[in-house]
Amino acid sequence: MILSPAFYERDTVTVAKDLLGCLLVHREEETTAGWIVEVEAYLRGDPAAHSYRGETKRNSVMFGPPGHAYVYLIYGLHTCVNVVTGAGEAILIRALEPGIGLELMQARRGMSDPVSLASGPGKLTQALGITMDQNGTSLYDGPLQVRSPDSLPGRRPEGFPGEIVQTTRIGITKAVDLPLRFYLKGSRYVSRR
DNA sequence: ATCAGGATTGGCT
DNA sequence: GCCAATCCTGATT
């Protein structure tokens with residue numbers, strides 16, 4: 001089932017951990033989806049967060065309603081998708097275990113190995129066809145959705161339910177020591193171990 | 001108007 | 001491990 005707005009109206013770190021094991025779904029002509037196995041939280045007063053210096057045109061979605069997608073372009077090449085929890089806070093989806101639409105994901109990524117298909121923030125957006133067009137869209141009322149872990153009968157991501165590993169975040173240059181990255185222990189689909 | 005730098009990835013050494 | 005690709009944003013002149 002689709003996660004309701006109330007799911008997102010909670011402490012950002014709590015939401016981040018609860019997102020692990022959930023299904024990120026993109027419904028188009030064809031559906032692609034994968035289980036969230038790795039996330040990072042970006043908080044208020046956090047120098048690494050895009051919202052740190054206040055609201056701008058680019059980051060305005062982070063200051064909007066919880067449960068919406070904040071999508072941005074990085075290095076002029078890749079897009080990353082975040083789950084907004086409100087007040088300038090958001091959760092970066094860093095890796096998925098492919099679930100539905102494997103063939104389309106492989107075509108979009110130009111490769112076949114499921115382990116490398118969505119094991120990175122730029123990879124998973126490409127695999128699911130997420131672009132800047134999805135910036136600001138609702139995750140509970142639209143084609144891009146987050147669903148509970150039991151959404152695919154009889155199927156569960158590797159390492160879920162199970163232990164959650166907490167580490168420092170990847171690829172940032174500020175607030176490098178904050179332990180705000182979370183992933184499913186035992187998953188082969190995380191971006192790095 | 002200009003410019004440095006980025007929540008990355010893939011290819012090469 | 002190192003580095004180029006590629007372009008938008010925000011800060012500065």
Side-chain angles (χ1 to χ4, degrees), chain A residues 8 11-13 15-17 19-20 22 24 26 32 34 36-64 66-98 105-137 139 144 146 164-184 187-193:
Chain A
Y8 304 98
D11 169 75
T12 299
V13 169
V15 176
K17 291 192 273 193
L19 278 174
L20 294 175
C22 291
L24 183 64
H26 197 193
T32 49
I36 298 168
V37 299
E38 177 184 349
V39 298
E40 281 176 1
Y42 289 85
L43 309 176
R44 280 218 291 179
D46 172 0
H50 288 173
S51 57
Y52 185 59
R53 292 169 192 283
E55 183 171 348
T56 65
K57 192 173 186 178
R58 178 207 198 193
N59 67 23
S60 64
V61 174
M62 289 183 78
F63 293 88
H68 287 234
Y70 167 50
V71 184
Y72 66 91
L73 179 68
I74 187 68
Y75 295 111
L77 300 167
H78 311 284
T79 57
C80 297
V81 62
N82 295 252
V83 170
V84 171
T85 51
E89 305 200 341
I91 299 153
L92 172 69
I93 310 298
R94 280 198 60 89
L96 302 178
E97 175 179 336
M105 289 193 233
Q106 290 168 326
R108 282 172 171 158
R109 293 272 298 122
M111 47 98 58
S112 59
D113 181 5
V115 170
S116 312
L117 228 41
S119 56
K123 299 178 186 180
L124 70 92
T125 54
Q126 185 183 17
L128 262 58
I130 297 170
T131 67
M132 288 304 295
D133 290 347
Q134 276 71 51
N135 188 34
T137 62
L139 294 171
L144 184 62
V146 181
I164 293 173
V165 182
Q166 178 170 189
T167 76
T168 54
R169 296 172 292 186
I170 292 177
I172 56 174
T173 57
K174 303 162 208 153
V176 295
D177 292 330
L178 293 183
L180 293 174
R181 171 178 176 244
F182 305 92
Y183 66 88
L184 292 179
S187 173
R188 288 173 295 138
Y189 299 89
V190 298
S191 65
R192 272 165 64 171
R193 297 190 251 183

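Per chain, numbering begins at 1; letters A, B, ... match sequence-line order.
Taking atom CG on A/L92 and atom P on B/dG6, their separation rounds to 16 Å, with Å as the unit. For A/I172 and B/dT8, the CD1 to P distance is 9 Å, given to the nearest whole Å. For the pair A/Y52 OH and B/dG5 P, the computed distance is 18 Å after rounding to whole Å. Rounded to whole Å, atom P of B/dT8 lies 11 Å from atom CG of A/N82. Going from atom CD1 of A/I93 over to atom P of B/dA7 covers 17 Å, rounded to whole Å. Counting to the nearest Å, the C1' atom of B/dG6 and the OH atom of A/Y42 are 11 Å from each other. Nucleotide C/dG10 holds its P atom 10 Å from the NE2 atom of A/H50, rounded to whole Å. Counting to the nearest Å, the P atom of B/dG6 and the CZ atom of A/R53 are 11 Å from each other.
Stacking of A/R193 on the aromatic ring of A/Y183 is not recorded, the 6.0 Å distance cut-off and the 45° axial limit not both being met.
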Any protein N or O atoms within reach of nucleotides 3-9 of chain C? Criterion: under 3.5 Å, listing atom names and distances.
residue : atom : partner : partner atom : Å
C/dT6   : O2   : A/Y75   : O            : 2.1

Short heteroatom pairs, N/O only, protein and nucleotides 11-13 of chain B, under 3.5 Å:
none

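The line from CD of A/E38 to CD of A/E97 is 13.0 Å long, rounded to the nearest 0.5 Å. The CG atom of A/L128 sits 7.5 Å away from atom CG of A/L144, with the distance rounded to the nearest 0.5 Å.
Across B/dG5 and C/dC3, the matching C1' atoms stand 16 Å from one another, rounded to whole Å.
For B/dG10, the OP1/OP2 oxygens have a side-chain nitrogen or oxygen of A/K123 closer than 4.0 Å.
Remark: C/dG10 base-pairs with B/dC3; criterion is Watson-Crick or G-U wobble with both hydrogen-bond distances under 3.5 Å. Across all strands shown, B/dG10 is found opposite C/dC3 as a Watson-Crick or G-U wobble partner, with both distances under 3.5 Å.
Proximity of a side-chain donor or acceptor of A/D46 to a complementary backbone N or O of A/A48 within less than 3.5 Å is detected. Formation of a donor-acceptor pair under 3.5 Å by the A/S51 side chain with backbone atoms of A/M62 is not found in this model. No donor-acceptor pair under 3.5 Å is formed between the side chain of A/N82 and the backbone N or O of A/A90. Within the 3.5 Å criterion, the main-chain N or O of A/I170 finds a donor-acceptor partner in the side chain of A/E40.
Counting any heavy atom pair closer than 4.0 Å across all strands shown, A/T173 reaches sugar-phosphate atoms only and no base atom. A/R181 comes within contact range of no nucleotide atom at all, as no heavy-atom separation falls under 4.0 Å.
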Q | Candidate pair A/V83 and A/I93, rule side chain to side chain contact (heavy atoms under 4.5 Å, CB included), full reasoning | A | CA-CA 7 Å; A/V83 170; A/I93 310 298; 4.0 Å; yes
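Judged by distance alone, the side chains of A/Q126 and A/R108 never bring a donor and an acceptor atom under 3.5 Å apart.
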